[in-house]
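Note sheet for the following structure.
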Amino acid sequence: MWKRIEHIGIAVKDLKASNDLFKILFNTSPYKEEVVKSEHVTTSFFQLGETKIELLEGGSDSTITKFIDKKGEGIHHIAFEVEDIYAEIDRLRKEGFQVLNDPPKKGADNKLVCFVHPKTANGVLVELCQEIKK
Ligand code: CO
């Protein structure tokens, strides 16, 4: 079951400058900054009610940097919270979606995550996420 939009990911060139910008826009500060080593990205998160905005700055060989080189800064992905990420990966694969990482991997903000290729989802990079239970 898909529960809600957990966050929207925005690719930025300069995380510090964008934190300052979005801080003024949202009138609130990011609640965390986190380096995701496996993806070569640095992220920050703003909590806005039930959902979040994730800003992502990429290192030189990251997919974020490649995205910005091609398309410029802007919305990079939409992340949906799902109840059972393993079941959803199986289901989507059977339906013909290109799942980019199976099994799911550990993403930012204590989540298991999996991406669906935008070419199989009308140009939208879809992230499935599920909180890692402690
Ligand atoms: Co994300």
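Start at 1 and go down the list; that is how both ligands and their atoms are numbered. What you are looking at is a predicted structure, and each value in this text was computed from that prediction instead of being measured.
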Quiz prompt | Neighbouring protein N, O or S atoms of the Co ion (ligand 1) [cut-off: under 2.8 Å, no waters] | solution = His7 NE2, Glu54 OE1, His77 NE2, Glu127 OE1
Quiz item: Mind checking who shares a hydrophobic cluster with Phe45, ILVMFWY linked at side-chain heavy-atom distances under 4.5 Å?
Solution: Tyr31
Quiz item: Can you say whether the rings of His77 and His7 are parallel (under 30°), tilted (30 to 60°) or perpendicular (over 60°)?
Solution: perpendicular
Quiz item: Hydrophobic clusters join Ile, Leu, Val, Met, Phe, Trp and Tyr when side-chain heavy atoms are under 4.5 Å apart, directly or via other members; which others share one with Val113?
Solution: Leu100, Phe115, Leu125
Exercise. Show your working on salt bridge (charged side-chain N to carboxylate O under 4.0 Å, His left out) between Lys111 and Glu127 and close with a plain yes or no.
Key: CA-CA 11 Å; Lys111 297 278 192 300; Glu127 175 185 340; over 6 Å; no
Exercise. Only counting residues at least two apart or in another chain, list the ones meeting side-chain contact (heavy atoms from CB on, under 4.5 Å) with Phe67.
Key: Ala11, Lys71, His76
Exercise. Identify whether Val36 and Leu112 are in the same connected component of the hydrophobic contact network (ILVMFWY, side-chain heavy atoms under 4.5 Å).
Key: no
